[in-house]
Amino acid sequence: MAVEISKVYEPRSVEEKWYEFWLKNKLFSCKVEKGKKPFTIVIPPPNVTGSLHMGHALNNTLQDIIIRYQKMRGFNTLWVPGTDHGGIATQNVVEKLLLSQGTNRQDMGREKFVERMWQWRRESGDTILNQLKKLGCSLDWDRTRFTMDEVCSRAVVFAFVNLYNRGLIYRGKRLVNWCPHCQTALSDIEVEHEEEIGKLWHIKYPLAENGKQPKSAKKSKKSGEYVIVATTRPETMLGDTAVAVHPDDKRYKKIIGGKIRLPLTDREIPVVADEAVDPTFGTGAVKVTPAHDPVDFDIAARQKLPHIVVIDYQGKMTPKAGDSYAGLDRYEARKKVLHDLETQGLLLETADHPHSIGHCYRCNSVIEPLVSEQWFLKVEEMSRKAMQVVEEGKVKFYPESWKKPYLLWLENLRDWCISRQIWWGHRIPVYYCVSKSSKSGKDKPIKSNCPPIVAHEMPKKCPKCKGTNIVQDPDVLDTWFSSALWPFSVFGWPKKEEEFSSSDLEYFYPTNVLVTGHEILYLWVARMIQMGLEFMGDVPYSDVFIHGMVRDKFGKKMSKSLGNVIDPLEVMGKYGADALRFSLTQSAAPGRDMQLAEDSFVGARNFTNKLWNASRFVFMHLQNVTWQPGFMAVWPLDLCDMWILAEYRLLVNKVTDAMNKYNIDEAARLIYDFFWSKYCDWYIELAKIRLMGSNERNKKTAVSMLIEILSGVLRLLHPIMPFITEEIWSILIELTGLKSPDQLVTIMTSSWPVAEKEKASSKDVEDMNLLQNIIISVRTIRSEMRVPPGKKINMVMNIISPRQMKIVADHLDYIKALAGVENILTGQRLKRPAQSAVSVVSEIEIFVPLAGLIDIEKEKQRLVKEIQSTEVEVERCNKNLSNQSFVQKAPKKEVERMKNRLIEAKVKKERLQESVKSLE
RNA sequence: GCCCAGUUAGCUCAGUUGGUUAGAGUACUUCCUUGACAUGGAAGGGGUCAGAGGUUCGAAUCCUCUACUGGGCACCA
């Protein structure tokens, strides 16, 4: 019975109960149903390292809202869950763990380490998925995938082999971004550039004597001529193989082709001319270190300069850097180089120099550009196609503002370095025959005399020499390589042709929408589009919904190190999952970051409570009422019924519209406003008049209207707040006798409200607004005159317009009930009763006699203030209407409206003035 | 340096194609525990819509510039 229902909504038990119910009844699972349209989302797989943070909570709430909404609209919805192995990030986590246990991966060896990784994944990899259940996510758990499970791994190998065979994947020796901490190469987007104030050192590079081979450093010093170069990284000078100047730079024309004695070494390097040098920057002379700088690498290629590697994979100086530097860390070496230069008098000036430095996106170490042999994916053709589908609108971004950066990025994209020198990931399916090679030990490059074998499985013997000593390439693939295949690998791609027609892949691909933050737009979104087009011949989704980032209340990024994280699990425990979801939704305008503070959850929690209590009120009146969703009251409706129907219809249209455009924040606010300030504040209060009355027919009308609107709101709100709406819904149908145990009556499977055309119109809204304004004005008088809330008062109204008179006369009970009025006297020219307060609403004169209660001075002040603002209004209207341009150019409708405003304001002013006079 | 977004009440944000006195929530003031709800109700105070200029009968809304904030991209050693 309704009476027993708690006064305060208690989310905890409700949430558990319903999630279990949904699972038990398989409401999230989806199968191929020919003839029914699918609506599919594939989850952005969280890393297995992860534990749910606010970003996940937001991302998954939004996806769940879309899925639930589309399900209610009749689509065969599928939301595929899964996790990502997370390559470097995950390996780092486990390595840290090992370190704390006094061991490391090198000591363990590859095989054991990888086994340890799998163990870790088994133990803690599903944490985040379980946390998503608490959020209420309607994921089809039977389809849970992992980027390194059998199905997805097969897809990765297939993709690699296919791309290799078509010449799109190749191996090359290039300058790549190397992270000395993670011990691996990184792709260009995995490097984050940060602006730092560094130093620009100016160094004297002495010229070698002309034509002669200098035999010692002493001789060249005598010449006294030198070139000054500027550098931010002096330690790399040990690997310089040239000095470059611009070909047209007059200052250096003479020395082009000449030689430089490279300080701190016994080497001599040429002066070359290259267009890449900007003669206006610094001294116009550049030291060239091909092995450690991307620009220099290119110069060296053009000028055919040798590479000298002076920094190794650990970020330490190599023997080639010279005996006194070899083995030093790169920053130690920098100090020593500077010191040595200074003692030799070769260090000139030092200036502060702001420049950006690349950092590893996983461990934040400073990236070292190093030459190494890596696997690359050719992107030019793929990028062109991926740009085309966005330009043509086959893939749409919400908000559209991300379209341009996306296109720009693809336009300038360079080949993707896809190999990583770590152990956790998909091992590259390339095999080498080492049967005839000398043994290749640990950490040494594999040497093979036979061509590499690229295959789905390890070959038993070498096709060329028939040798059986075969090893696999030690590298693994970039974790984003498998992510790029995610939208189709989760459906079992690649399938054999004959399986294809009945497969999930064909039914669910392309999916409908990808929901993500903008931080992985390039890293992931762009690549999924490329790969989708490449392998499926179609885009992976038609919509990309990009939401903002969650920040703290000061606008700062939430991070553990700053200590400003709000834990979504804590919030759910304290306020409920629905409250968390609502507050996230409310501020999730597409593409805009949001600032979250505790207040926001409190507000949302209060809303759930309001919903709960309004429902309790409806439950109280449900005895002997039968109702079916969509069943409309047939009895004659009252004005307030017509009004709420009109407002409700407007709401349904607006909410549906907003949902379709991913303006979910707007949808949330619309429902909130309607429910709280229209349904609760006015409709329920007015319905009480009939419910407390004795007319059974009127009672029934009111009750069925209450249910009808409530049920609509519950359905509109269900995608955003699934738990509480399901709970209320279930009570509602139980009390109205609708439930049968084997009939799955759940809000999830009920339909999204459709705004049917009612008789209710904007006229009903206008009429209702008039009554509301009258009520508010009386309440204001009561409040300002300090009339005790319990005290009944009387009213006198002068109403000229017959239409207004009818509205008021027909609804005196509204005014009486909501303004605390006992008797109302209406007329056209009634006299102002002695000692009464006055108000004018839409030309209606309202007197509230307050003998003994009225404070004449106060009332006078109030009226004078009111008159002043009315005067402003009169003037404004007069000004407009006396302006010939306005009268001629503005739409007639506007002019008419202005005239009416003027009349109304004038009447109001006159009446108020009369009242002030009569106060004396 | 280039591009994008933002700047509205103390705080967090709405404000549809230009058109009543620019709205919510929160915070603040006053009153109220009335048969849904004090996680509530009623009423009130609070804004030169970042600044300047322009278009227009009319600009928070459209255009230009400036300032600040955030983001993306590219970086010259």
Side-chain angles (χ1 to χ4, degrees), chain A residues 2 5 7-9 193 200 229-233 236 244 276-278 280-289 293 295-296 353 355-356 399 401-402 404-406 408-409 412 518-519 521-522 548-549 551 553 555 575 579 586-587 589 591-597 599-600 602-621 654 657 665-666 669 672-673 676-677 680-681 684-685 688 692 776 779-784 786-790 818-820 869-870 872-873 876-877 880 883-891 893-895 897-898 900-901 904-905:
Chain A
I5 296 169
K7 262 172 95 165
V8 172
Y9 173 61
H193 292 274
L200 190 62
V229 297
T231 181
T232 52
R233 301 199 53 197
T236 62
V277 181
D278 177 359
T280 63
F281 184 88
T283 60
V286 188
K287 60 189 276 305
V288 182
T289 321
D293 184 280
V295 177
D296 295 1
H353 181 65
H355 62 144
S356 69
S401 54
W402 280 105
K404 207 171 155 185
Y406 167 90
L408 209 71
W409 184 76
N412 301 316
H518 58 74
E519 69 276 6
L521 182 67
Y522 310 132
M549 231 172 53
R551 299 173 175 279
K553 64 172 169 181
Y575 303 104
Q586 208 180 7
S587 43
R592 298 245 285 145
D593 288 351
M594 65 193 68
Q595 294 182 211
L596 269 193
D599 285 354
S600 157
V602 174
R605 188 270 319 265
N606 294 354
F607 180 53
T608 59
N609 202 51
K610 187 73 176 177
L611 186 63
W612 183 248
N613 279 295
S615 303
R616 279 178 63 224
F617 173 79
V618 176
F619 297 158
M620 277 173 46
H621 301 279
K654 281 184 179 171
D657 206 43
D665 58 319
E666 196 188 338
R669 278 192 304 270
Y672 180 100
D673 286 344
W676 204 312
S677 57
C680 292
D681 290 351
I684 286 185
E685 293 308 316
K688 281 177 183 171
M692 309 298 178
I776 289 169
R779 282 173 174 174
T780 306
I781 289 170
R782 291 188 65 122
S783 177
E784 300 215 334
R786 301 283 153 85
V787 181
L818 298 197
S869 70
T870 313
V872 171
E873 173 76 354
R876 195 194 319 265
C877 296
N880 268 330
N883 181 346
Q884 280 309 299
S885 319
F886 173 78
V887 178
Q888 283 162 15
K889 290 183 183 173
K893 216 171 116 191
E894 262 331 295
V895 180
R897 193 153 72 180
M898 195 59 69
N900 287 334
R901 269 174 66 186
E904 203 172 292

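Only this structure's heavy atoms are used, side chains among them; waters, hydrogens and symmetry mates stay out. By convention in this document, chain letters (A, B, ...) are assigned in the order of the sequence lines, proteins followed by strands, and residues within each chain are numbered from 1.
Spacing of C1' atoms, A60(B) relative to G15(B), comes out at 8 Å, to the nearest Å. Separating the C1' atom of C49(B) from that of A59(B) is a span of 11 Å, rounded to the nearest Å. Spacing of P atoms, U30(B) relative to G70(B), comes out at 39 Å, to the nearest Å. Comparing the C1' positions of U61(B) and U17(B) gives a spacing of 11 Å, expressed to the nearest Å. Nucleotides G44(B) and C62(B) place their C1' atoms 37 Å apart, quoted to the nearest Å. Taking the P atom of each, A43(B) and U48(B) are spaced 25 Å apart, rounded to whole Å. The C1' atoms of U7(B) and U66(B) are separated by 14 Å, rounded to the nearest whole Å. Distance check on atom P: A42(B) versus U33(B) gives 15 Å, rounded to whole Å.
Base engagement by Arg605(A) is indicated by at least one non-hydrogen atom pair under 4.0 Å involving a base atom. Using a 4.0 Å heavy-atom cutoff across all strands shown, Asp599(A) reaches sugar-phosphate atoms only and no base atom. Within 4.0 Å of Cys877(A), counting heavy atoms only, lies no atom of the nucleic acid at all. Using a 4.0 Å heavy-atom distance criterion, Glu685(A) is classed as a base contact. Residue contacts shown for Lys688(A) include a base, since a base heavy atom lies under 4.0 Å away. Looking at heavy-atom distances under 4.0 Å, Arg592(A) makes contact with sugar-phosphate atoms alone, never a base. Nucleic acid contact class of Tyr9(A) (heavy atoms, under 4.0 Å, all strands): none. Nucleic acid contact class of Pro788(A) (heavy atoms, under 4.0 Å, all strands): none. Using a 4.0 Å heavy-atom distance criterion, Leu521(A) is classed as making no nucleic acid contact. Here Asp665(A) lies out of heavy-atom contact (under 4.0 Å) with every strand. If you check every strand for non-hydrogen atoms under 4.0 Å, Lys889(A) touches a base. Using a 4.0 Å heavy-atom cutoff across all strands shown, Val277(A) reaches at least one base atom of the nucleic acid.
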### Task
Kindly indicate, with the supporting measurements, whether the criterion salt bridge (Lys or Arg N to Asp or Glu O under 4.0 Å) is fulfilled by Glu904(A) and Arg901(A).
CA-CA 5 Å; Glu904(A) 203 172 292; Arg901(A) 269 174 66 186; over 6 Å; no
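The backbone N or O of Leu818(A) lies less than 3.5 Å from a partner atom in the side chain of Arg779(A), making a donor-acceptor pair. With Asn609(A) contributing its side chain and Tyr9(A) its backbone, the two residues share a donor-acceptor pair below 3.5 Å. Not a single donor-acceptor pair under 3.5 Å links the side chain of Arg551(A) to the backbone N or O of Leu596(A). A distance-only check finds no donor-acceptor pair linking the side chain of Arg233(A) to the backbone of Asp293(A) [under 3.5 Å].
Spacing between atom OH of Tyr672(A) and atom C1' of C13(B) amounts to 13 Å, rounded to whole angstrom units. With rounding to whole Å, Arg779(A) atom CZ is found 5 Å from A43(B) atom P. Atom CD1 of Ile776(A) is separated from atom P of A43(B) by 6 Å (rounded to the nearest Å). Atom-to-atom, CD of Glu519(A) to P of C73(B) comes out at 12 Å; the value is rounded to the nearest Å. Atom-to-atom, CH2 of Trp612(A) to C1' of C37(B) comes out at 12 Å; the value is rounded to the nearest Å. The interatomic distance linking Asp673(A) (CG) with A14(B) (C1') rounds to 9 Å, in whole Å. Atom C1' of nucleotide C4(B) and atom CH2 of Trp409(A) are separated by 18 Å, given to the nearest angstrom. Here U7(B) presents its P atom at 13 Å from CD of Gln595(A), a figure rounded to the nearest Å.
Counting only heavy atoms from C-beta outward, the side chains of Asn883(A) and Lys889(A) never approach each other to under 4.5 Å.
Counting atom types as modelled, Arg897(A) pairs no side-chain N or O with a base atom of U20(B) as donor and acceptor under 3.5 Å. Looking at Ser356(A), its side chain comes within 3.5 Å of the base of C75(B) through a donor and an acceptor atom. If you check distances only, the side chain of Lys7(A) never reaches the base of C37(B) with a donor-acceptor pair under 3.5 Å.
Ring stacking holds between Phe281(A) and C76(B), with the centres under 5.5 Å apart and the planes within 30 degrees of each other.
RNA chain B is contacted by both His193(A) and His621(A); His621(A) maps to the nucleotide lying nearer its 5′ end (nearest heavy atom per residue). In this structure, Arg233(A) and Met594(A) both approach RNA chain B, and ranking their closest nucleotides by distance from the 5' end singles out Met594(A).
Between A77(B) and His353(A), a contact under 4.0 Å exists linking OP1 or OP2 to a side-chain N or O. Here Arg876(A) reaches the OP1 or OP2 of U21(B): one of its side-chain N or O atoms lies under 4.0 Å away. Side-chain N/O atoms of Asn606(A) include one lying less than 4.0 angstrom from OP1 or OP2 on G40(B). OP1 or OP2 of C13(B) has not a single side-chain nitrogen or oxygen of Gln586(A) nearer than 4.0 Å. Between Lys610(A) and G41(B) there is a side-chain polar atom (N or O) within less than 4.0 angstrom of OP1 or OP2.
Separation of atoms OG1 (Thr232(A)) and NE2 (His355(A)) is listed at 5.0 Å; rounding is to 0.5 Å. One finds the CG atom of Asn613(A) at 9.5 Å from the OG1 atom of Thr608(A) (value rounded to the nearest 0.5 Å).
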Tabulate atom names and distances for all N/O pairs under 3.5 angstrom spanning the protein and nucleotides 67-71 of chain B.
none

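The aromatic rings of Tyr522(A) and Trp409(A) lie parallel to each other, their planes meeting at an angle below 30°, with 60° marking the opposite boundary.
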### Message
For Watson-Crick and G-U wobble pairs within 3.5 Å on both distances, what is RNA chain B written in dot-bracket notation, | included for inter-strand pairing?
### Response
(((((((..((((.....[...)))).(((((.......))))).....(((((..]....))))))))))))....
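The distance between the ring centers of Trp676(A) and Tyr672(A) falls below 6.0 angstrom.
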